[in-house]
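Below is one structure; the comments refer to it alone.
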Amino acid sequence: MGTSSVASPLCTWLVAACMSVSCDEEHSFKPSAFQSPERLSRRARRRRLASKCSAGGHDFPGGLISSFCGSSLQGLMSSYLALEPCEEYYSSKGLSSLAFFSDNGFSLFGSRNRPMTRRQRRMNRAAHSGKTMAVSVQPSKEVITEKPLTKQRRVVVTGMSVVTPIGHYPDIFYNNLLEGVSGISDIEAFDCAQFPTRIAGEIKSFEPDGWVAPKLSKRADKFMLYMLTAGKKALADGGITEEVMRELRKDKCGVLIGSAMGGMKVFNDALEALRVSYKKMNPFCVPFATTNMGSAMLAMDIGWMGPNYSISTACATSNFCILNAAQHIVRGEADMMLCGGSDATIIPIGLGGFVACRALSERNSDPTKASRPWDINRDGFVMGEGAGVLLLEELEHAKERGANIYAEFLGGSFTCDAYHMTEPHPEGSGIVLCIEKALAQSGVAREDVNYINAHATSTPAGDLKEYQALARCFGQNPELRVNSTKSMIGHLLGAAGAVEAVATVQAIRTGWVHPNINLEDPDEGVDMNVLVGPKKERLDIKVALSNSFGFGGHNSSILFAPYKKLW
């Protein structure tokens, strides 16, 4: 490699250090009252040594030098660490990081003297000889393993699955929605006579048999069981057979499924056991309670080694996960992503917590009528439980394996109200900004959006603020239709966005949008020409928007459309 682009590590650091205090006359070093003569002499020695390095044939590009000018130590460190090792570095074996520094053990993170071992001194001398290692200002071409993306990668939906109070398969779930079937009923899992709310969208029967190992199903929290089951069913729905799985690049397949509340029951049971003795506690109580463990366990089960983590943004969790999963595909970091959310909080501590917030409906005498978005008599949301998972895939990857494409994911956005823990911004500014950013980043014209699956939880403030924001963004669109899936299944918290994303994709596939049940007396200012009525309606969807908002002021909007070939 030429000397114009290569310098020894020691000289590189020293010149960078000098440049951070002395680049030109404008940034010349000026003594300060807070700097000792000893410190001045050290700076002077560094400048002299840097001059010798430069005279020795190590020239530095002006761009690199100017990047250090006037920088702080933090800037110096980040600039230095940004330098990529060149090919000679990769060909050297076992080179210690201490070889970057002088014999006294000086490092970027401090100048404390430490004794060096014989091996470290030998390796240090080898590095200074210039025969073992060099630092390249620009990485060698050989280091780049993949070609940069030259065009926007398109993301499509090729698999889906749900676990809900009205069905555990997308078709059954959506057919029940179209028929206006409610999944809200009396809570049966525990005695809740002491609570003012005794209803929920509770899953009455769920069997993970065939999807989750029996031993795990006995120990894990329901949120994890819902997630594992929905994730595997989404793979099956996407045509990922064992044969297909063997052909996949596992490092390009990831899992991003979140949870708002995590394993609350496992954690609560552990606390009860602790009252007796720590020896009675479930040894898995900590990992099974964390929100990331469902994603991790699913990846372990199917062997996917790509991006794997979870996001927890209250009731906006699923949309955040879906959008971030799509971005991994767009950036070329993954070809396939399982994404969505799962929650199971219909237990005493979960119910009691939301009752204490005064957020829940108390319409116990008529459970199926309790969740009533935009109706003037709504009195709070109804808790639900379940999971939703989408299989997102890069378009060319999906076409190559002959996948069935349900819809195209166009993009989305998220914002923060920065206003209140539980209440929406009174002007709906965060929601409006979120929708506008989603449209802009996806390249979608607002007149093309003709279906919205709203967040609409059946709370007095939330429903109206969202409707007003939608009116501001899409008020001039006479074709717009808006509904709320929560009117029939309640609010699935962190799973809500994913389950509603499945409903949105099903609306695109079938050409039917489900009704808003219980909307008998619309709130003041709500236009029934925009909201879907009590019966399903035929709609040729151009672009669909799905909203999810969460405690903490989290806003999220994602966009889907029918898949269209571009020739």
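- Looking at residues two or more places apart in sequence or on another chain, you find a ring pair (Phe, Tyr, Trp, His ring centres under 6.0 Å) between H328 and Y309.
- Summarising the geometry of F223 relative to S342, their closest heavy-atom pair is O-OG, 2.6 Å, with the distance given to 0.1 Å.
- Residues N450 and F474 form no side-chain contact, since every pair of their non-hydrogen atoms from C-beta on lies 4.5 Å or further apart.
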Criterion side chain to side chain contact (heavy atoms under 4.5 Å, CB included) on M264 and I349, from CA distance to verdict: CA-CA 8 Å; M264 289 187 68; I349 190 172; 3.7 Å; yes
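- The shortest heavy-atom contact between N176 and M488 is O-SD, 4.3 Å.
- With sequence neighbours excluded, no residue satisfies ring pair (Phe, Tyr, Trp, His ring centres under 6.0 Å) with Y169.
- At most 12 heavy atoms of other shown residues, nucleotides or ligands fall within 6.0 angstrom of atom CD in E427.
- For the ring pair (Phe, Tyr, Trp, His ring centres under 6.0 Å) test, residues two or more places apart in sequence or in another chain that qualify with H491 are F381, H455.
- Rounding to the nearest 0.5 angstrom, the gap separating the CG atom in N516 from the CG atom in D375 is 10.5 Å.
- For the side chain to side chain contact (heavy atoms under 4.5 Å, CB included) with S182, the lone residue among I489, T368, I166 that qualifies is T368.
- Ionic pairing of K222 and D343 is not present here: no N-O contact between side-chain nitrogen and carboxylate oxygen is shorter than 4.0 angstrom.
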CA sep, side-chain torsions, deciding dist, call: I508, Y563, side chain to side chain contact (heavy atoms under 4.5 Å, CB included): CA-CA 10 Å; I508 292 172; Y563 165 62; over 6 Å; no
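- Counted within 6.0 Å of CE on M528, heavy atoms from surrounding residues, nucleotides or ligands total more than 12; the atom is thus considered enclosed.
- No side-chain donor-acceptor contact under 3.5 Å links N555 to the backbone of C434.
- Not a single salt bridge (charged side-chain N to carboxylate O under 4.0 Å, His left out) links E447 to another residue, sequence neighbours left out.
- When the shell of 6.0 Å around CG of D540 is examined, it contains 12 or fewer heavy atoms from other residues, nucleotides or ligands.
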Test salt bridge (charged side-chain N to carboxylate O under 4.0 Å, His left out) applied to K369 and E520, step by step: CA-CA 10 Å; K369 298 286 187 181; E520 299 164 352; 3.5 Å; yes
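- With respect to the salt-bridge test (charged N to carboxylate O, under 4.0 angstrom), the residues R378 and D523 qualify.
- In this structure, the side chains of V155 and V330 come closer than 4.5 Å at one or more pairs of heavy atoms.
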Verdict with supporting geometry, E385 and T345, side chain to side chain contact (heavy atoms under 4.5 Å, CB included): CA-CA 7 Å; E385 63 178 347; T345 59; over 6 Å; no
Donor-acceptor pairs are to be reported for all side-chain atoms of residues 229-238 against protein atoms at under 3.5 Å, with residues two or more places apart or in another chain.
from: T229; atom 1: OG1; to: L225; atom 2: O; distance (Å): 2.8
from: K232; atom 1: NZ; to: W211; atom 2: O; distance (Å): 2.7
from: K232; atom 1: NZ; to: D301; atom 2: OD2; distance (Å): 2.4
from: D237; atom 1: OD1; to: Y406; atom 2: OH; distance (Å): 3.2
from: D237; atom 1: OD2; to: M160; atom 2: N; distance (Å): 2.9
from: D237; atom 1: OD2; to: Y406; atom 2: OH; distance (Å): 2.9

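- A donor-acceptor contact shorter than 3.5 Å is absent between the side chain of D448 and the backbone of V543.
- A distance of 10.0 Å separates CD in Q152 from CZ in R154, rounded to the nearest 0.5 Å.
- Under the 4.0 Å criterion applied to side-chain N and carboxylate O atoms, K486 and E500 are assigned as salt-bridge partners.
- Note on K399 versus E396: salt bridge recorded, some NZ/NE/NH1/NH2 to OD/OE distance being below 4.0 Å.
- Ionic pairing of E202 and K204 is present here: one or more N-O contacts between side-chain nitrogen and carboxylate oxygen are shorter than 4.0 angstrom.
- By the 4.5 Å heavy-atom criterion applied to side chains, T291 and M293 are not counted as neighbours.
- Partners of F414 according to the ring pair (Phe, Tyr, Trp, His ring centres under 6.0 Å) rule, which considers only residues two or more places apart in sequence or in another chain, are F320.
- The closest side-chain heavy-atom distance from S413 to S557 is not below 4.5 Å.
- Around CZ of R538, the count of heavy atoms belonging to other residues, nucleotides or ligands within 6.0 Å exceeds 12.
- Between E408 and K564, none of the side-chain N atoms (NZ, or NE/NH1/NH2) sits under 4.0 Å from a carboxylate O, so this pair counts as no salt bridge.
- Here the side chain of Y226 pairs no donor or acceptor atom with the backbone of D221 at under 3.5 angstrom.
- The structure places CD1 of I240 at 13.0 Å from CZ of R246, a figure rounded to the nearest 0.5 Å.
- Listed here is the closest heavy atom pair of A498 and V389: CB-N, 4.5 Å.
- Between L410 and A561, the shortest heavy-atom distance links the atoms CD1-CB, 3.7 Å.
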side-chain hydrogen bond (donor to acceptor under 3.5 Å, both in side chains) assessment of N292 paired with T290: CA-CA 6 Å; N292 73 299; T290 57; 3.1 Å; yes
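- Under a 4.0 Å N-O distance rule, the pair K252/E394 does not qualify as a salt bridge.
- Among all heavy-atom pairs drawn from E423 and Y419, the shortest one is O-CD2, 3.8 Å.
- Note: L390 CG to C321 SG = 11.0 Å, rounded to the nearest 0.5 Å.
- In plain terms, the two heavy atoms of R401 and E393 that are nearest each other are NE-OE2, 2.7 Å.
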N547 vs L470, side chain to side chain contact (heavy atoms under 4.5 Å, CB included): CA-CA, chis, key distance, verdict: CA-CA 10 Å; N547 283 335; L470 295 177; 3.8 Å; yes
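- Atom CG of residue L439 and atom CZ of residue R446 lie 6.0 Å apart, to the nearest 0.5 angstrom.
- The structure places CD1 of I172 at 12.0 Å from CG of L177, a figure rounded to the nearest 0.5 Å.
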